[in-house]
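By convention in this document, chain letters (A, B, ...) are assigned in the order of the sequence lines, proteins followed by strands, and residues within each chain are numbered from 1.
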There are 2 protein chains.
Amino acid sequence: MSFNVKHALFTQFARIGKVLGNAHRLALIEYLAQGERSVEALAQVAGLSVANTSQHLQQLRQAGLVETRREGQRIHYRLSGDDVVTLLDAMRRVGNRHLAEIDQLIDTYLTTKDSMEPVAAQELMKRLKRGEVTVLDVRPEEEYAAGHLPGAVNIPLNSLEKQLAALPADREVIAYCRGPYCVLSYDAVAELRRRGYRARRLEEGYPEWRSAGLPVEETRH
Amino acid sequence: MSFNVKHALFTQFARIGKVLGNAHRLALIEYLAQGERSVEALAQVAGLSVANTSQHLQQLRQAGLVETRREGQRIHYRLSGDDVVTLLDAMRRVGNRHLAEIDQLIDTYLTTKDSMEPVAAQELMKRLKRGEVTVLDVRPEEEYAAGHLPGAVNIPLNSLEKQLAALPADREVIAYCRGPYCVLSYDAVAELRRRGYRARRLEEGYPEWRSAGLPVEETRH
DNA sequence: CAATTATTCAATTGATTTATTGAATACAAT
DNA sequence: ATTGTATTCAATAAATCAATTGAATAATTG
């Protein structure tokens, strides 16, 4: 008996693994980590057909990773809890540490690791308290509104050039976006440095910050 | 470009998910979390053919979750780091919280949750310091020797009946084994209670304790 | 060097997964 | 009621995965 129960349990856990075993679904989870999204919105941002996206989302739902809410004719998907972000983060850590391919991709394409020296969450928290830095959220407005780091200024990447005035030139800027592999913050830092700012990235993104239990702010409309 | 890099990264991470998407491989990881094992030993305990086991292990290796070491004609596999245990733990948490099927399996087969009231690692640590409890490791001798909780007494489950004398009858016994779903400790607690002991399970097993950074002891031969 | 043991490799078969397509729901607006 | 929109369902073809089998390596022993 005990063997079969154990196998049955592992089979259930394997459902979660299986569902994490597809790049598109991981991308969908990353978008959902920013907040609720409709199927169409997810399809667009993930570059998939709506039907295909719907099917991936249903698999995520059956594995207990996402939940749904109907609003009129739209169905909004959301992560079923912060523990899902934690799970993805654990996967990311293992990948970073043990898969050479990942190291190489980051090294080659996301500008060089060293020159960017990302700031760790704990460190940023300290410096925030001392008021030493300007925190810059380069995600789209809606995502910022749904939740952001305390005191963060929101300038979406594509309007960064126009709104540079909003950033004090004498303090270091720490930029963040959707997650550790979101390119928005990489681009923002590159742009800011070209303009003469001292700028660095936050090592992770908003979802990781939040799921680590660090303080966040929401913009009530 | 940024889309492709992102997709390439997610494809790499998906390799990890994919490899976690099979019950047999999860079982192999659980055994490996106890320590190094040869292919044959793993095959036997997992109930798989050697060739099949070898193939699963190679998939785990390609995904960076395990490493190998040759010793004579044997090849020993081991987890590539404690972060792998952490990853599995994150998966377990999500499954417990969001998959009704898992709840049901545990409820139905692993005796009732409530009457067993497992002890959390943090709580045990406190009570250990005060010397209030006897910690009982019911895993096989070799696994105990490779590492165990501080001050734990080792009585493998099948000799528990004979060696009951080694346990003080007036203190609560906290039993643990390989992991949260390992049945050894469930059986041990049931047996001890039949004998009139106050006994409970540790919520998780040795690997989780260790990867949480709590103190461990090794038996040098 | 021949025989033995532990592991891996290669080929095969059946099962599962992915993306596509077009049809089916389910709600909303006219 | 009719039309339109968002999502899901069902059927399919191509790709991938799992387990089995028997042969191939690689180290060990006599």
Side-chain angles (χ1 to χ4, degrees), chain A residues 3-4 7-8 10-29 31-32 35-63 65-78 101, chain B residues 3-4 7-8 10-29 31-32 35-78:
Chain A
F3 182 82
N4 290 324
H7 189 78
F10 280 132
T11 303
Q12 292 304 319
F13 288 114
R15 285 169 61 191
I16 296 177
K18 209 166 273 178
V19 110
L20 295 176
N22 176 286
H24 292 308
R25 282 194 293 266
L26 293 181
L28 289 172
I29 294 176
Y31 295 127
L32 286 172
E36 267 196 354
R37 289 293 135 86
S38 69
V39 177
E40 196 183 15
L42 287 164
Q44 202 186 357
V45 78
L48 298 174
S49 75
V50 171
N52 196 191
T53 304
S54 169
Q55 291 175 167
H56 280 304
L57 289 169
Q58 279 169 72
Q59 291 188 51
L60 289 172
R61 188 173 50 187
Q62 278 160 29
L65 302 188
V66 306
E67 295 169 350
T68 55
R69 178 176 70 84
R70 173 150 226 149
E71 192 179 291
Q73 49 200 327
R74 281 217 180 73
I75 293 193
H76 295 278
Y77 278 82
R78 63 173 179 281
E101 291 86 343
Chain B
F3 182 83
N4 290 325
H7 189 79
F10 280 131
T11 302
Q12 293 304 319
F13 288 112
R15 286 170 59 192
I16 297 177
K18 209 166 273 178
V19 110
L20 295 176
N22 177 285
H24 292 307
R25 282 193 293 265
L26 293 181
L28 289 172
I29 295 177
Y31 295 126
L32 287 171
E36 266 195 356
R37 290 291 136 89
S38 69
V39 178
E40 197 182 16
L42 287 164
Q44 202 186 355
V45 77
L48 297 173
S49 75
V50 171
N52 195 191
T53 304
S54 169
Q55 289 175 170
H56 280 305
L57 288 169
Q58 279 169 73
Q59 289 187 53
L60 289 173
R61 188 173 50 188
Q62 278 160 28
L65 302 189
V66 307
E67 294 170 350
T68 56
R69 177 177 72 82
R70 171 151 228 149
E71 191 179 291
Q73 48 200 329
R74 281 216 179 73
I75 294 194
H76 294 278
Y77 278 82
R78 63 172 179 280

TODO: Assess whether atom CD of B/Q44 is packed by more than 12 heavy atoms of other residues, nucleotides or ligands within 6.0 Å.
DONE: no

OP1 or OP2 of [N] under 4.0 Å from side-chain N/O of [X]:
| X | N | answer |
| --- | --- | --- |
| A/N52 | C/dT18 | no |
| A/R25 | C/dT18 | yes |
| B/Y77 | C/dT8 | yes |
| B/S54 | C/dT8 | yes |
| B/H56 | D/dA19 | yes |
| B/H24 | D/dA19 | yes |
| B/N22 | D/dA18 | yes |

Whole-Å gap separating [atom2] ([N]) and [atom1] ([X]):
| X | N | atom1 | atom2 | result |
| --- | --- | --- | --- | --- |
| B/L57 | C/dA6 | CG | P | 16 Å |
| B/E40 | C/dT7 | CD | P | 6 Å |
| A/K18 | C/dA15 | NZ | C1' | 11 Å |
| B/L60 | C/dT7 | CG | P | 15 Å |
| A/L42 | D/dT8 | CG | P | 11 Å |
| A/H7 | D/dA18 | NE2 | P | 12 Å |
| B/I75 | D/dT28 | CD1 | C1' | 14 Å |
| A/R74 | D/dG4 | CZ | P | 18 Å |

- [ ] Could you tell me whether B/R61 contacts a base, only the sugar-phosphate backbone, or nothing, with contacts defined as non-hydrogen atoms closer than 4.0 Å?
- [x]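 The residue B/R61 makes no contact with any strand.
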
Task: Touch class at under 4.0 angstrom, heavy-atom based, for A/Q55 against every strand present - done: base

Open item on the list: Heavy atoms from C-beta onward define the side chain here; which of D/dT8, D/dA18, C/dT7 lies closest to that of A/V39?
Closed with: D/dT8

- [ ] Select one nucleotide: of D/dT20, D/dT8, C/dT18, the one nearest the side-chain heavy atoms of B/S49.
- [x] D/dT20

Task: CA sep, side-chain torsions, deciding dist, call: B/L65, B/V19, side-chain contact (heavy atoms from CB on, under 4.5 Å) - done: CA-CA 9 Å; B/L65 302 189; B/V19 110; 3.5 Å; yes

Can any side-chain N or O of [X] pair as donor or acceptor with the backbone N or O of [Y] at less than 3.5 Å?
| X | Y | value |
| --- | --- | --- |
| B/Y31 | B/V45 | yes |
| B/T11 | B/H7 | yes |
| A/R15 | A/Q62 | yes |
| B/R37 | B/L42 | no |
| B/R70 | B/G72 | yes |

Open item on the list: Quick check: on DNA chain D, is the nucleotide nearest B/Q59 upstream (toward 5') of the one nearest B/A51, or the reverse? Name the residue that is more 5'.
Closed with: B/Q59

Open item on the list: Quick one, A/T68 with A/L57, criterion side-chain contact (heavy atoms from CB on, under 4.5 Å). Give me CA distance, side-chain angles, the key distance, then yes/no.
Closed with: CA-CA 10 Å; A/T68 55; A/L57 289 169; over 6 Å; no

Can you name the atoms? Protein N/O to nucleotides 25-30 of chain C N/O, anything below 3.5 Å, with the distance.
residue: C/dC27; atom: O2; partner: A/Q73; partner atom: OE1; Å: 3.4

